[in-house]
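Only one structure is covered here, and it is reproduced in the block below.
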Amino acid sequence: MDTREARIGIFLKAARDAAREAMRGTAVYAAVNMAQISKTVAAAGISAAFRIGEEARKYRNSDITGTECAEAVADVCLGALTGVLCAELASRRVKNPTVAPILGSAAGVFLYQLAKVPVKLAVDALPGANPTAV
């Protein structure tokens, strides 16, 4: 690939990503201002919807199986839920309305990431949890 083609590819990817983020921002703005949903819940819900859409696209293109898609969607939903819950809890404890949701959400996602591997291992160890394993 020559330099010109590389620059065009980078430009197209940047334009696509910018358009996706503009749509996401517009959806969050609409949810907050029209539906009277809190910013934290709106941002998490819209972001989760976009991530679920990506998983659905991978499944449609046969990049992942149905089980992998379902697991990824569950992971997205649980991560968003944990982030929102911790952000709302932090908003009650930290008085800065800008910093509290950011810290709470980051802490919630971090805790979820720490907990999900041992939980998945425990679920996989249950009898009948993985019928393909011998």
Side-chain angles (χ1 to χ4, degrees):
M1 182 184 301
D2 72 356
T3 306
R4 185 170 190 268
E5 288 176 5
R7 284 188 303 222
I8 291 172
I10 291 168
F11 175 79
L12 291 175
K13 183 177 182 333
R16 185 178 55 243
D17 291 348
R20 183 183 315 125
E21 288 305 310
M23 287 186 339
R24 181 185 164 282
T26 302
V28 170
Y29 178 82
V32 168
N33 291 309
M34 292 180 196
Q36 300 299 312
I37 297 173
S38 78
K39 291 179 227 172
T40 305
V41 173
I46 301 298
S47 294
F50 273 75
R51 290 177 56 201
I52 289 169
E54 282 296 312
E55 295 303 324
R57 182 194 56 77
K58 288 179 192 175
Y59 176 67
R60 186 182 65 231
N61 293 340
S62 299
D63 295 336
I64 60 175
T65 66
T67 302
E68 290 170 330
C69 182
E71 288 176 352
V73 168
D75 184 51
V76 167
C77 292
L78 287 172
L81 175 65
T82 306
V84 167
L85 287 174
C86 290
E88 291 297 323
L89 288 172
S91 294
R92 290 175 176 30
R93 304 295 292 161
V94 178
K95 298 305 176 203
N96 187 319
T98 303
V99 174
I102 294 169
L103 289 177
S105 180
V109 170
F110 178 73
L111 291 173
Y112 173 68
Q113 294 298 324
L114 286 178
K116 82 175 183 181
V117 172
V119 169
K120 179 158 178 31
L121 291 174
V123 168
D124 287 345
L126 293 172
N130 193 356
T132 59
V134 177

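Here the closest non-hydrogen pair linking I64 and E55 is CD1-OE1, 3.5 Å. Pairing each heavy atom of A100 with each of A90, the nearest pair is O-CB, 3.3 Å. Looking at every heavy atom in both residues, I52 comes nearest to C77 through CD1-SG, 3.9 Å. When all heavy atoms of A42 and V28 are compared, the pair lying nearest together is O-CG2, 4.0 Å. What you find for A87 and T40 is that their closest heavy atoms are CB-CG2, 3.4 Å.
Between K13 atom NZ and I10 atom CD1 the span is 10.0 Å, to the nearest 0.5 Å. Rounded to the nearest 0.5 angstrom, L111 CG and K116 NZ are separated by 13.5 Å. The line from OG of S47 to CZ of R24 is 3.5 Å long, rounded to the nearest 0.5 Å.
A donor-acceptor contact shorter than 3.5 Å is absent between the side chain of N61 and the backbone of D63. Checked by atom type and distance alone, the side chain of N33 pairs as donor or acceptor with a backbone atom of Y29 at under 3.5 Å. Of the possible polar contacts, one joining the E68 side chain to the T65 backbone as a donor-acceptor pair under 3.5 Å is found.
Residues V32 and I46 fall within the same hydrophobic cluster, defined by Ile, Leu, Val, Met, Phe, Trp and Tyr side chains chained together at heavy-atom separations under 4.5 Å. V94 is not connected to F110 by any chain of hydrophobic side-chain contacts under 4.5 Å among Ile, Leu, Val, Met, Phe, Trp and Tyr, and they are in different clusters.
In the displayed structure, F50 atom CZ is contacted under 6.0 Å by more than 12 heavy atoms of other residues, nucleotides or ligands.
Looking only at side-chain heavy atoms (C-beta outward), L81 and Y112 stay at 4.5 Å or farther from each other. A heavy-atom distance below 4.5 Å is found between the side chains of E88 and S38.
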Intermediate values then yes/no, salt bridge (Lys or Arg N to Asp or Glu O under 4.0 Å), E54 and R51: CA-CA 5 Å; E54 282 296 312; R51 290 177 56 201; over 6 Å; no
